[in-house]
Each structure stands twice: as C-alpha cells, then as structure tokens.
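Here the structure comes first, spelled out in structure tokens, and everything after it is commentary.
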Amino acid sequence: MTTAKRDTYTPETLLSVAVQVFIERGYDGTSMEHLSKAAGISKSSIYHHVTGKEELLRRAVSRALDELFGILDEEHARVGTAAERLEYVVRRMVEVLMAELPYVTLLLRVRGNTGTERWALERRREFDHRVAALLKAAAAEGDVREDVEVRLATRLVFGMINSIVEWYRPEGPGGRGGAGEREVVDAVARLVFGGLRKAS
C-alpha cells in the first residue's frame, strides 16, 4: 500500500487516498488507522475533514453515481431513437468508468453491509433499470433483435462494461494500459450493438 506524506490535506486529496485503501483492503477491512497511515496524517487530522470512514465511502460512491446519472440528462441520451440513445449512454458509461476508475471500481465492490452501501446499491439498481428501459424501448421500436431476452441482454451489457474495472489501467507505456480510452469505447459499442441490432 502506498503511503502519502503530506503536511496538509484537502477533502478531495483525502478522498482519493481513502478510495485506494478501500479498494486494496475492502471497506470492511479498512480502519481509520489504515487511512491515517496511507495518508501520512493523524486520525485527528482526518476527523477535521470528515466524521469517519463511512462519510468517505458515501462521498466516493456519490461521485461515481453522480457521473453515471449525469449521462442520462445529457442531450444525446434524451433525443433520438431508443437505439441511438442507448448507444450514446453505453459509450458514455465506458467513458465515465475510465475517467472515474477508482470511484466506479469502489461502487461496483460495495456489498450492502452499511447504510451507505445499501443506499449505493439501490441507486445502482435505479441506474441499471433506466438503461434497461432504453434497451426495452429499442426492442419495442424494432431496432433490437427479438431472439435475445431484454433482461439477459441488459445483464450481459452491464457485465461487459463493469468488467473493464478489472483490467483497464490508464497508466503504463505511453500513458496507456494497453488500450486507449477511445479504442475501448469503440470496441464495447461495436461488440454490444453488432450483437444487438437487427440485421438489415
């Protein structure tokens, strides 16, 4: 585990360190002592910024959820055919996942053991349902093949996108972890919509 040595901390830099520790140790396996050591500051300094580790968790998962829900308010997610809107949303989900990688990774790993985790899981389900509704609408408009059940297709699409957190690393040779962001976004869109769209 990396330890940061700082004289001062802002809520944002503290949150960034906490997210890394939560990912490495698991939220349940992380104590305030672990956070203090990783940040290189005293526990009392942490309490100067937050009430405890659950507040840090809520801030972290809120950041990921706000970014994801923000996609649904963007113009291209609201205008056009359901299939066009769905493709836009899928592309943006991949972009957000890569831009907010640690925060989305943490969101995908919460298990529901605390009030904050249960809240995050409920919000995730709400987001999933809204994207699933787009897929269902695309099927109703005749743009998606009928031989793939909508709920199954939704789970497979989310499974593909969410798996990116397990292997994508923005750092690496040339600043990339093997594949560039645009390459990943385009590959997901091709695989998803090449398989879902009706053959002309």
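- Clustering ILVMFWY residues whenever any of their side-chain heavy atoms sit less than 4.5 angstrom apart, transitively, puts Leu152 in a cluster other than the one holding Val150.
- Dense packing is recorded around CZ of Arg78, with more than 12 heavy atoms of other residues, nucleotides or ligands lying under 6.0 Å away.
- Minimum interatomic distance between Pro102 and Gln20 (heavy atoms only, all atoms of both residues): CB-NE2, 3.6 Å.
- Taken together through direct or relayed side-chain contacts under 4.5 Å among Ile, Leu, Val, Met, Phe, Trp and Tyr, Met93 and Leu191 form part of one hydrophobic cluster.
- Looking at residues two or more places apart in sequence or on another chain, you find no ring-ring contact (aromatic ring centres under 6.0 Å, His included) involving Tyr103.
- Here the side chains of Phe158 and Val131 are in contact, with some heavy-atom distance below 4.5 Å.
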Could you check Arg109 against Phe22 for side-chain contact (heavy atoms from CB on, under 4.5 Å), going step by step and ending with a plain yes or no? CA-CA 10 Å; Arg109 292 186 181 169; Phe22 291 155; over 6 Å; no
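- Between Val157 and Val188 the shortest side-chain heavy-atom distance does not fall below 4.5 Å.
- Two residues are said to be in side-chain contact when any heavy atoms from C-beta on lie closer than 4.5 Å; Val17 and Leu35 fail this criterion.
- When all heavy atoms are compared, the tightest approach of Arg169 to Glu166 is NH2-O, 3.7 Å.
- Donor-acceptor pairing under 3.5 Å is recorded for the side chains of Ser42 and Ser44.
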Evaluate Asn113 against Tyr27 for side-chain contact (heavy atoms from CB on, under 4.5 Å), listing each step before the verdict. CA-CA 10 Å; Asn113 296 329; Tyr27 176 73; over 6 Å; no
Assess whether salt bridge (charged side-chain N to carboxylate O under 4.0 Å, His left out) is satisfied between Glu33 and Lys43, documenting all intermediate values. CA-CA 7 Å; Glu33 185 68 30; Lys43 283 192 273 188; 3.4 Å; yes
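- With a 4.5 Å cut-off on side-chain heavy atoms, Met98 and Pro170 do not count as touching.
- Side chain of Ser62 to backbone of Arg58: a donor-acceptor contact under 3.5 angstrom is found.
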Could you pull out every donor-acceptor pair under 3.5 Å between side chains of residues 65-77 and any protein atom, sequence neighbours left out?
residue	atom	partner	partner atom	Å
Glu74	OE1	Tyr88	OH	2.4
Glu74	OE1	Arg92	NE	2.9
Glu74	OE2	Arg92	NH2	2.9

side-chain contact (heavy atoms from CB on, under 4.5 Å) evaluation trace for Val110 with Leu57: CA-CA 9 Å; Val110 297; Leu57 177 66; 4.2 Å; yes
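- With sequence neighbours left out, Arg182 forms a side chain to side chain donor-acceptor pair (under 3.5 Å) with Glu95.
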Would you check, one step at a time, whether the test side-chain contact (heavy atoms from CB on, under 4.5 Å) holds for Glu126 with His129? CA-CA 5 Å; Glu126 182 186 341; His129 290 319; 5.6 Å; no
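- Scanning both residues, Arg85 and Val79, for their nearest heavy atoms gives CG-O, 3.4 Å.
- Residues Thr105 and Val19 form no side-chain contact, since every pair of their non-hydrogen atoms from C-beta on lies 4.5 Å or further apart.
- No side-chain heavy atom of Glu24 sits under 4.5 Å from any side-chain heavy atom of Thr30.
- In this structure, Asp128 has no side chain to side chain donor-acceptor pair (under 3.5 Å) partners at least two apart in sequence or on a different chain.
- Side-chain contact check for Ser31 and His34: at least one donor-acceptor pair (N or O, by modelled atom type) lies under 3.5 Å.
- Side-chain contact between Asp143 and Glu84 is absent, with no heavy-atom pair separated by less than 4.5 Å.
- Counting only residues at least two apart or on different chains, no side-chain hydrogen bond (donor to acceptor under 3.5 Å, both in side chains) pair has a member in residues 153-165.
- For Arg59, the salt bridge (charged side-chain N to carboxylate O under 4.0 Å, His left out) partners at least two apart in sequence or on another chain are Glu55.
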